[in-house]
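Worksheet: one structure, shown below.
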Number of protein chains: 2
Amino acid sequence: MSPTLDKRDIDILFAIAEQQTPSTEAIHQSTGIPKSTVHYRLQSLKDDGVLTNDLYELDREKLGLEITVISEIRAEYGEGYHERIGKQLGEVEGINQVYFTMGDTDFIIIARLSSRDDVEELIGKFESIDGVERSSSKFAISTIKENVSVSNLQDYTKEKLLDAQDASDSDGTE
Amino acid sequence: MSPTLDKRDIDILFAIAEQQTPSTEAIHQSTGIPKSTVHYRLQSLKDDGVLTNDLYELDREKLGLEITVISEIRAEYGEGYHERIGKQLGEVEGINQVYFTMGDTDFIIIARLSSRDDVEELIGKFESIDGVERSSSKFAISTIKENVSVSNLQDYTKEKLLDAQDASDSDGTE
DNA sequence: TATGAAATCAGGGGGCT
DNA sequence: AGCCCCCTGATTTCATA
């Protein structure tokens with residue numbers, strides 16, 4: 001089932017990462033691989049599901065999502081519990097990442113929000129999920145490294161994002 | 001300084017997220033906003049730094065990076081420490097995200113690796129960074145939700161990724 | 001599968017509203 | 001700012017090895 005990428009595939013993927021663009025032309029220029037071959041390989045990578053979608057990277061501070069919350073969640077144990085709870089966590093507005101872990105916590109989630117009120121709301125939301133026992137949250141003072149693409153927008157409603165814009169307009173960040 | 005996105009900008013961004021493509025044409029079709037206006041708005045979003053780069057989303061399991069490690073790191077306190085340590089953490093091979101937090105830990109990092117050996121190596125690496133006191137790591141059994149783009153490749157060497165491919169070839173995943 | 005050449009189509013710019 | 005229209009050039013297809 002493994003796609004088994006060879007050196008050429010990896011070269012192409014790195015070229016995309018380095019030049020920050022998936023353009024056939026750019027890949028061709030930096031790797032020397034003929035344009036149509038690049039095209040051919042890219043097609044295979046997409047078919048194999050290695051590359052999924054082509055989306056822009058997004059600056060979430062600029063979107064007004066300036067607060068990063070990292071929460072550890074402990075949940076009741078039972079048949080199919082993780083799956084259901086994990087799924088529900090993923091649906092909570094603002095949650096960008098959900099990891100199911102082993103050890104003393106069951107889930108670790110990372111959320112991006114625009115206000116203190118949102119944080120309270122977030123915690124309220126996941127504590128109200130059936131099976132969630134308790135949670136412990138931390139703020140990230142700063143995000144030193146993280147890549148996120150536009151698809152994360154689907155974690156929010158348009159309304160929230162518009163509110164977030166208004167908020168950052170009036171808070172002197174102008 | 002805030003870019004102040006209006007409803008139209010948000011609509012365009014959501015269109016990209018929903019259709020999983022940043023194509024001017026696709027955005028035009030789904031929003032009804034004229035092509036050249038879409039073009040104009042996209043340009044502004046790029047100029048403002050809201051949209052950074054256009055990169056593919058990547059399936060890291062398929063790349064052979066099947067292990068997710070989440071580590072909490074405690075570091076010595078001092079002038080400019082976080083900045084330096086955070087930067088060094090970001091440079092460790094395999095680390096995809098670095099958050100600087102408040103509370104009982106100083107950094108939370110998330111790494112993607114391909115083998116047990118890599119995990120040991122990873123922990124060795126960040127514990128050897130000057131100023132790092134101790135760390136506690138968890139494995140994610142599964143990643144329920146997460147978006148990542150090709151730029152994450154820069155967290156690895158080509159060699160590692162090729163090795164990862166070999167490993168998944170011979171482990172019966174074929 | 002890989003490639004060169006040819007055809008197609010989307011992206012980007014000029015200028016008017 | 002918004003938008004129509006045209007042109008350029010990148011993407012994709014096709015035929016061949």
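Values below: every heavy atom of this structure, side chains too, minus hydrogens, waters and symmetry copies. In the text below, chain A, chain B and the rest are named by the order of the sequence lines, each starting its count at 1.
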Can you tell which of C:dG11, D:dT11, C:dG4 lies closest to the side chain of B:E25? C:dG11
Whole angstrom value for the distance that separates P of C:dA7 from NZ of A:K35: 15 Å
Among D:dC4, D:dT11, C:dT3, which nucleotide has an atom closest to any side-chain atom of A:S23? D:dT11
Side-chain N,O (B:R8) to OP1/OP2 (D:dC3) below 4.0 Å: yes
Would you kindly give the CD-to-P distance between A:Q29 and D:dG9, to the nearest whole Å? 13 Å
Remember a base hit wins even if backbone is also touched, and classify B:T24 as base, sugar-phosphate or nothing at under 4.0 Å, heavy atoms. sugar-phosphate
To the nearest 10°, give me the bend of the helix from C:dT1-D:dA17 to C:dT17-D:dA1, comparing the axes of its five terminal pairs at either end. 30°
Among A:D155, A:N152, A:N96, the one residue meeting side chain to side chain donor-acceptor pair (under 3.5 Å) with B:K145: A:D155
Nearest-angstrom distance from the residue atom CD1 of A:I27 to P of D:dT11: 8 Å
What's the spacing between B:I144 CD1 and A:Y99 OH if we round to 0.5 Å? 11.0 Å
Could you tell me whether B:E120 atom CD has more than 12 heavy atoms of other residues or ligands within 6.0 Å of it? no
To the nearest angstrom, how far is B:K7 atom NZ from D:dG2 atom P? 14 Å
If you apply the rule side chain to side chain donor-acceptor pair (under 3.5 Å), what do you find for A:S135 with A:E127, and how did you get there? CA-CA 7 Å; A:S135 67; A:E127 293 210 328; 2.7 Å; yes
Does B:K7 NZ have over 12 foreign heavy atoms under 6.0 Å away? no
I'd like to know if B:T37 reaches the base of D:dC3 with its side chain, counting only an N/O donor and acceptor under 3.5 Å. no
Show, in sequence, the C-alpha distance, side-chain angles and deciding distance for A:K87 and A:E83, and conclude whether the salt bridge (Lys or Arg N to Asp or Glu O under 4.0 Å) test is met. CA-CA 6 Å; A:K87 190 168 171 295; A:E83 210 174 310; over 6 Å; no
Rounded to the nearest Å, what distance is computed from the CD1 atom of residue A:I12 to the P atom of nucleotide C:dA2? 9 Å
Please check the phosphate of C:dT1 (OP1 and OP2 only) for any side-chain N or O of A:Y40 closer than 4.0 Å. yes
Roughly, in whole Å, what's the span from CD1 in A:I33 to P in C:dG4? 12 Å
Taking the cut-offs as 6.0 angstrom to the six-membered ring centre and 45 degrees off its axis, would you call A:R134 and A:F107 a cation-pi pair? no
For A:H39 and C:dG4, give me the distance from atom NE2 to atom P, rounded to whole Å. 15 Å
